[in-house]
Amino acid sequence: MVEPPAKAPAMLSGGALVTPAGMTLYTFDQDVANSGKSACNGGCAALWPPMMATATDQTTGAYSIVTRDDGSRQWAYKGKPVYTYKADQKAGDRSGDNFKQVWHIIKE
């Protein structure tokens, strides 16, 4: 049996990468691309929730999966883990862009 192609976990909307629910995704400057890990854990992850991957999610295209410090799986885009921002209340909000000059929306 042939596996169906993996579906991208995010999409481009309004010039930024968003979750399937339309929430803006961000990268963190302290994350090292292609390191396979996230530098945002504990309190950081409470404010910047990681976009989690399930045990059965598979990488596709520019999307990969990193293993977090707690062993859970998180999506990455072009090697950098991706996050939402707790203060964003509805789809399309981008209040975390350039937060402390280390959080950035993902533009294609």
Side-chain angles (χ1 to χ4, degrees):
M1 182 174 157
V2 175
E3 290 288 323
K7 183 179 177 213
M11 64 193 148
L12 192 61
S13 178
L17 209 59
V18 299
T19 68
M23 299 306 289
T24 303
L25 288 169
Y26 300 87
T27 57
F28 183 37
D29 285 352
Q30 291 185 19
D31 284 329
V32 177
N34 302 310
S35 69
K37 54 188 297 185
S38 165
C40 180
N41 294 283
C44 177
L47 188 58
W48 298 91
M51 183 177 171
M52 303 307 292
T54 68
T56 58
D57 283 336
Q58 296 182 10
T59 62
T60 181
Y63 299 94
S64 58
I65 296 173
V66 300
T67 302
R68 297 186 50 75
D69 285 357
D70 65 5
S72 62
R73 294 163 37 108
Q74 177 181 0
W75 282 107
Y77 180 71
K78 295 185 178 177
K80 290 203 69 160
V82 295
Y83 310 83
T84 57
Y85 182 40
K86 190 174 181 179
D88 286 350
Q89 297 298 307
K90 63 185 183 317
D93 283 356
R94 297 181 181 178
S95 60
D97 194 23
N98 292 318
F99 184 81
K100 295 190 177 183
Q101 287 72 53
V102 296
W103 291 95
H104 309 284
I105 61 171
I106 304 162
K107 301 174 188 174
E108 279 277 310

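FYI, the numbering just counts along the sequence from 1.
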What's the separation between atom [atom1] in [X] and atom [atom2] in [Y], rounded to the nearest 0.5 Å?
X	Y	atom1	atom2	result
Tyr77	Ser64	OH	OG	11.0 Å
Trp103	Leu47	CH2	CG	8.0 Å
Arg68	Arg73	CZ	CZ	13.5 Å
Ile65	Gln74	CD1	CD	10.5 Å
Asn34	Lys78	CG	NZ	11.5 Å

Between [X] and [Y], what is the shortest heavy-atom contact and its length?
X	Y	result
Ser13	Val18	CB-CG2, 3.7 Å
Pro50	Ala45	CD-O, 3.9 Å
Pro20	Pro9	CD-O, 3.2 Å
Gly14	Arg94	O-NH2, 2.5 Å
Leu17	Tyr63	CD1-OH, 3.4 Å

Name the atoms and distances for all side-chain donor-acceptor pairs under 3.5 Å in residues 21-28, with sequence neighbours left out.
| residue | atom | partner | partner atom | Å |
| --- | --- | --- | --- | --- |
| Thr24 | OG1 | Asp93 | O | 2.6 |
| Tyr26 | OH | Asp88 | OD2 | 2.7 |
| Tyr26 | OH | Gly96 | N | 3.2 |

So, the side chain of Asp97 versus the backbone of Ile105: is there a donor-acceptor pair under 3.5 Å, distance only?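 Yes; judged by distance alone, with no hydrogens or angles, the pair exists.
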Test item: Asp31 side-chain N/O and Ser38 main-chain N/O as donor-acceptor pair under 3.5 Å: no
Pairs satisfying disulfide (SG to SG under 2.5 Å), at least one member in residues 7-77, at least two apart: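 Listed by first then second residue: Cys40-Cys44.
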Would a single hydrophobic cluster contain both Tyr83 and Met51, if residues Ile, Leu, Val, Met, Phe, Trp and Tyr are joined by side-chain heavy-atom contacts under 4.5 Å? no
